[in-house]
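Note that this is a predicted model, so its numbers are computed, not measured.
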Amino acid sequence: MFTLRCTQKLLRRGLAETAADAQADTLLGDWYANVLITRPSHLVLCVSERTLLPVVVVAKGIKYLPQRVVDAVAPVLRELRVEPSAIEAELAAMRTWHVGRTASKRVVGSLNELMFQLHSQLDLHPGRSLFEQSLRLAEVPMKGVEYSSADRATTALFASAAALGRIGRRGAL
(Lines give C-alpha, C1' and ligand atoms only; values in the text may rest on other atoms or scores of the structure.)
Protein backbone atom coordinates (compact mmCIF):
# COMPACT_ATOMS: atom_id res chain seq x y z
CA MET A 1 0.00 0.00 0.00
CA PHE A 2 1.18 3.51 -0.80
CA THR A 3 -0.24 7.00 -0.97
CA LEU A 4 -0.04 9.03 -4.14
CA ARG A 5 0.62 12.48 -2.67
CA CYS A 6 -0.55 15.07 -5.19
CA THR A 7 0.00 18.78 -5.44
CA GLN A 8 -3.06 21.06 -5.30
CA LYS A 9 -2.62 21.70 -9.02
CA LEU A 10 -3.01 17.99 -9.72
CA LEU A 11 -5.85 17.41 -7.26
CA ARG A 12 -7.87 20.18 -8.94
CA ARG A 13 -7.89 18.08 -12.11
CA GLY A 14 -10.43 15.75 -10.50
CA LEU A 15 -8.43 13.14 -8.62
CA ALA A 16 -10.43 12.32 -5.48
CA GLU A 17 -8.64 12.21 -2.14
CA THR A 18 -9.02 9.09 -0.02
CA ALA A 19 -7.83 8.29 3.49
CA ALA A 20 -4.09 8.93 3.27
CA ASP A 21 -2.93 8.47 6.87
CA ALA A 22 -1.73 4.90 6.48
CA GLN A 23 1.99 4.15 6.47
CA ALA A 24 3.34 2.92 3.12
CA ASP A 25 4.49 -0.69 3.14
CA THR A 26 6.42 -0.38 -0.10
CA LEU A 27 10.18 -0.09 -0.15
CA LEU A 28 10.03 3.13 -2.18
CA GLY A 29 7.46 4.69 0.16
CA ASP A 30 4.75 7.09 -0.92
CA TRP A 31 4.83 8.76 -4.32
CA TYR A 32 4.58 12.51 -4.94
CA ALA A 33 3.03 13.82 -8.15
CA ASN A 34 2.64 17.08 -10.04
CA VAL A 35 1.23 17.90 -13.47
CA LEU A 36 3.29 19.49 -16.25
CA ILE A 37 1.30 21.28 -18.91
CA THR A 38 2.94 20.48 -22.26
CA ARG A 39 1.88 20.09 -25.85
CA PRO A 40 0.57 17.85 -27.30
CA SER A 41 -0.32 16.14 -24.00
CA HIS A 42 -0.14 16.98 -20.32
CA LEU A 43 2.23 14.87 -18.24
CA VAL A 44 2.51 13.89 -14.60
CA LEU A 45 5.89 13.55 -12.93
CA CYS A 46 5.93 11.25 -9.91
CA VAL A 47 8.82 10.66 -7.52
CA SER A 48 9.21 8.12 -4.76
CA GLU A 49 9.48 9.51 -1.28
CA ARG A 50 12.53 7.51 -0.19
CA THR A 51 14.82 7.61 -3.25
CA LEU A 52 13.24 10.30 -5.46
CA LEU A 53 12.97 7.77 -8.28
CA PRO A 54 11.04 9.56 -11.05
CA VAL A 55 8.45 8.17 -13.45
CA VAL A 56 6.72 10.23 -16.10
CA VAL A 57 3.19 9.30 -17.21
CA VAL A 58 0.43 10.92 -19.24
CA ALA A 59 -2.17 12.94 -17.36
CA LYS A 60 -5.12 11.99 -19.56
CA GLY A 61 -7.75 9.98 -17.68
CA ILE A 62 -6.64 11.27 -14.30
CA LYS A 63 -8.65 8.69 -12.32
CA TYR A 64 -6.26 6.02 -13.65
CA LEU A 65 -3.15 7.89 -12.49
CA PRO A 66 -2.31 5.63 -9.49
CA GLN A 67 -2.40 2.53 -11.70
CA ARG A 68 -0.29 4.29 -14.35
CA VAL A 69 2.34 5.01 -11.71
CA VAL A 70 2.42 1.34 -10.70
CA ASP A 71 2.70 0.28 -14.35
CA ALA A 72 5.56 2.74 -14.99
CA VAL A 73 7.63 1.65 -12.00
CA ALA A 74 8.33 -1.93 -13.15
CA PRO A 75 10.22 -1.15 -16.38
CA VAL A 76 12.31 1.50 -14.63
CA LEU A 77 13.27 -0.94 -11.86
CA ARG A 78 14.08 -3.59 -14.49
CA GLU A 79 16.33 -1.14 -16.32
CA LEU A 80 18.11 -0.41 -13.02
CA ARG A 81 18.74 -4.17 -12.71
CA VAL A 82 16.77 -4.61 -9.51
CA GLU A 83 16.20 -8.30 -8.75
CA PRO A 84 12.99 -9.61 -10.35
CA SER A 85 11.71 -10.96 -7.03
CA ALA A 86 12.19 -7.53 -5.46
CA ILE A 87 10.29 -5.89 -8.34
CA GLU A 88 7.44 -8.37 -7.93
CA ALA A 89 7.33 -7.69 -4.19
CA GLU A 90 7.25 -3.92 -4.73
CA LEU A 91 4.49 -4.17 -7.33
CA ALA A 92 2.48 -6.51 -5.09
CA ALA A 93 2.72 -3.95 -2.27
CA MET A 94 1.66 -1.20 -4.68
CA ARG A 95 -1.60 -2.92 -5.65
CA THR A 96 -3.42 -0.91 -3.00
CA TRP A 97 -3.19 2.86 -2.88
CA HIS A 98 -4.67 6.01 -1.45
CA VAL A 99 -4.64 9.53 -2.84
CA GLY A 100 -3.75 12.47 -0.63
CA ARG A 101 -2.05 15.83 -0.40
CA THR A 102 1.68 16.33 -0.29
CA ALA A 103 3.21 16.00 3.18
CA SER A 104 6.97 16.55 2.81
CA LYS A 105 8.47 19.87 1.78
CA ARG A 106 11.77 18.11 1.08
CA VAL A 107 10.19 15.79 -1.48
CA VAL A 108 8.09 18.59 -3.01
CA GLY A 109 11.26 20.67 -3.44
CA SER A 110 12.96 17.79 -5.23
CA LEU A 111 9.83 17.20 -7.32
CA ASN A 112 9.86 20.85 -8.38
CA GLU A 113 13.52 20.65 -9.39
CA LEU A 114 12.83 17.54 -11.46
CA MET A 115 9.81 19.28 -13.04
CA PHE A 116 12.19 21.99 -14.26
CA GLN A 117 14.61 19.34 -15.55
CA LEU A 118 11.79 17.49 -17.32
CA HIS A 119 10.54 20.65 -18.99
CA SER A 120 14.06 21.33 -20.30
CA GLN A 121 14.55 17.73 -21.44
CA LEU A 122 11.27 17.75 -23.34
CA ASP A 123 12.45 20.83 -25.23
CA LEU A 124 15.93 19.43 -25.91
CA HIS A 125 14.90 15.84 -26.70
CA PRO A 126 11.27 15.81 -27.87
CA GLY A 127 11.63 12.34 -29.42
CA ARG A 128 12.40 10.55 -26.15
CA SER A 129 9.74 8.25 -24.76
CA LEU A 130 8.33 8.86 -21.28
CA PHE A 131 10.30 5.80 -20.12
CA GLU A 132 13.54 7.32 -21.47
CA GLN A 133 12.69 10.67 -19.86
CA SER A 134 12.18 8.86 -16.54
CA LEU A 135 15.58 7.18 -16.81
CA ARG A 136 17.36 10.45 -17.67
CA LEU A 137 15.75 12.22 -14.73
CA ALA A 138 16.84 9.36 -12.47
CA GLU A 139 20.46 10.22 -13.28
CA VAL A 140 20.22 13.81 -11.97
CA PRO A 141 22.11 14.33 -8.68
CA MET A 142 19.69 15.50 -5.99
CA LYS A 143 20.24 17.05 -2.57
CA GLY A 144 17.32 14.98 -1.22
CA VAL A 145 19.38 11.79 -1.64
CA GLU A 146 22.67 13.24 -0.38
CA TYR A 147 23.75 14.52 -3.80
CA SER A 148 23.52 11.08 -5.30
CA SER A 149 21.07 10.26 -8.05
CA ALA A 150 17.73 8.52 -7.76
CA ASP A 151 18.92 5.55 -9.81
CA ARG A 152 21.85 4.94 -7.45
CA ALA A 153 19.76 5.53 -4.33
CA THR A 154 17.12 3.09 -5.60
CA THR A 155 19.54 0.29 -6.44
CA ALA A 156 21.24 0.77 -3.07
CA LEU A 157 17.89 0.64 -1.25
CA PHE A 158 16.86 -2.60 -2.94
CA ALA A 159 20.32 -4.14 -2.42
CA SER A 160 20.30 -3.31 1.28
CA ALA A 161 16.73 -4.63 1.67
CA ALA A 162 17.80 -7.90 0.03
CA ALA A 163 20.87 -8.11 2.28
CA LEU A 164 18.73 -7.54 5.35
CA GLY A 165 16.25 -10.18 4.24
CA ARG A 166 13.35 -7.74 3.85
CA ILE A 167 12.45 -9.24 0.51
CA GLY A 168 11.15 -12.65 1.42
CA ARG A 169 10.73 -15.84 -0.56
CA ARG A 170 7.06 -15.16 -1.18
CA GLY A 171 7.84 -11.73 -2.61
CA ALA A 172 6.61 -9.76 0.40
CA LEU A 173 8.40 -6.72 1.74
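- The number of heavy atoms from other shown groups lying within 6.0 Å of CZ (R128) is above 12.
- V99 is listed as a side-chain neighbour of P66, based on a closest heavy-atom distance under 4.5 Å.
- What you find for L27 and L157 is that their closest heavy atoms are O-CD2, 3.4 Å.
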TODO: Starting from the C-alpha separation in whole Å, work towards a yes-or-no answer on side-chain contact (heavy atoms from CB on, under 4.5 Å) for H42 and R13.
DONE: CA-CA 11 Å; H42 298 178; R13 294 178 71 95; 3.1 Å; yes

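- Partners of Y147 according to the side chain to side chain contact (heavy atoms under 4.5 Å, CB included) rule, which considers only residues two or more places apart in sequence or in another chain, are K143.
- Formation of a donor-acceptor pair under 3.5 Å by the R95 side chain with backbone atoms of M1 is not found in this model.
- Here side chain to side chain donor-acceptor pair (under 3.5 Å) pairs that include residues 131-142, with residues two or more places apart or in two chains, are S129-E132, R136-E139.
- Of the possible polar contacts, none joining the R50 side chain to the D30 backbone as a donor-acceptor pair under 3.5 Å is found.
- Residue pairs meeting the salt bridge (charged side-chain N to carboxylate O under 4.0 Å, His left out) criterion with at least one member in residues 57-86, sequence neighbours excluded, do not occur.
- For L53 against L77, the heavy-atom pair with the smallest separation is CD2-CD2, 4.0 Å.
- Contacts of S110 classified as side chain to side chain donor-acceptor pair (under 3.5 Å), with partners at least two apart in sequence or in another chain: none.
- Atoms NZ and CG, on K105 and N112 in that order, are 13.0 Å from each other to the nearest 0.5 Å.
- Contacts of S149 classified as side chain to side chain donor-acceptor pair (under 3.5 Å), with partners at least two apart in sequence or in another chain: D151.
- Residues N34 and L10 come closest through the heavy atom pair N-CD2, 4.1 Å.
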TODO: Start with the C-alpha distance between L4 and H98, add both sets of side-chain angles, then the distance that settles side-chain contact (heavy atoms from CB on, under 4.5 Å), and finish with yes or no.
DONE: CA-CA 6 Å; L4 183 62; H98 297 288; over 6 Å; no

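- Side-chain contact annotation: Q117 with Q121, donor-acceptor N/O pair under 3.5 Å absent.
- Rounding to the nearest 0.5 angstrom, the gap separating the SG atom in C46 from the CH2 atom in W31 is 7.5 Å.
- Membership of the apolar cluster around V47 extends to Y32, L36, L43, L45, L52, V56, V58, V107, V108, L111, L114, M115, L118, L122, L130, L137, V140, M142, V145, as traced through chained side-chain contacts below 4.5 Å between ILVMFWY residues.
- T26 places no side-chain N or O within donor-acceptor distance of the main-chain N or O of M94, the cut-off being under 3.5 Å.
- Residues satisfying the side chain to side chain contact (heavy atoms under 4.5 Å, CB included) criterion with Q8, sequence neighbours excluded, are L11, R12, R101.
- The side chain to side chain donor-acceptor pair (under 3.5 Å) test applied to S41 returns no partner, not counting sequence neighbours.
- Side-chain contact between F2 and V70 is present, with heavy atoms from C-beta onward closer than 4.5 Å.
- Scanning both residues, G14 and I62, for their nearest heavy atoms gives C-CG2, 4.2 Å.
- Residues satisfying the side chain to side chain donor-acceptor pair (under 3.5 Å) criterion with H125, sequence neighbours excluded, are absent altogether.
- The two residues A72 and V76 come nearest to each other via the heavy atoms O-CG2, 3.5 Å.
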Open item on the list: Apply side-chain contact (heavy atoms from CB on, under 4.5 Å) to residues V55 and F131 and explain how you reach the verdict.
Closed with: CA-CA 7 Å; V55 294; F131 170 70; over 6 Å; no

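- Considering all non-hydrogen atoms of both residues, A138 and P54 come closest at N-CG, 3.5 Å.
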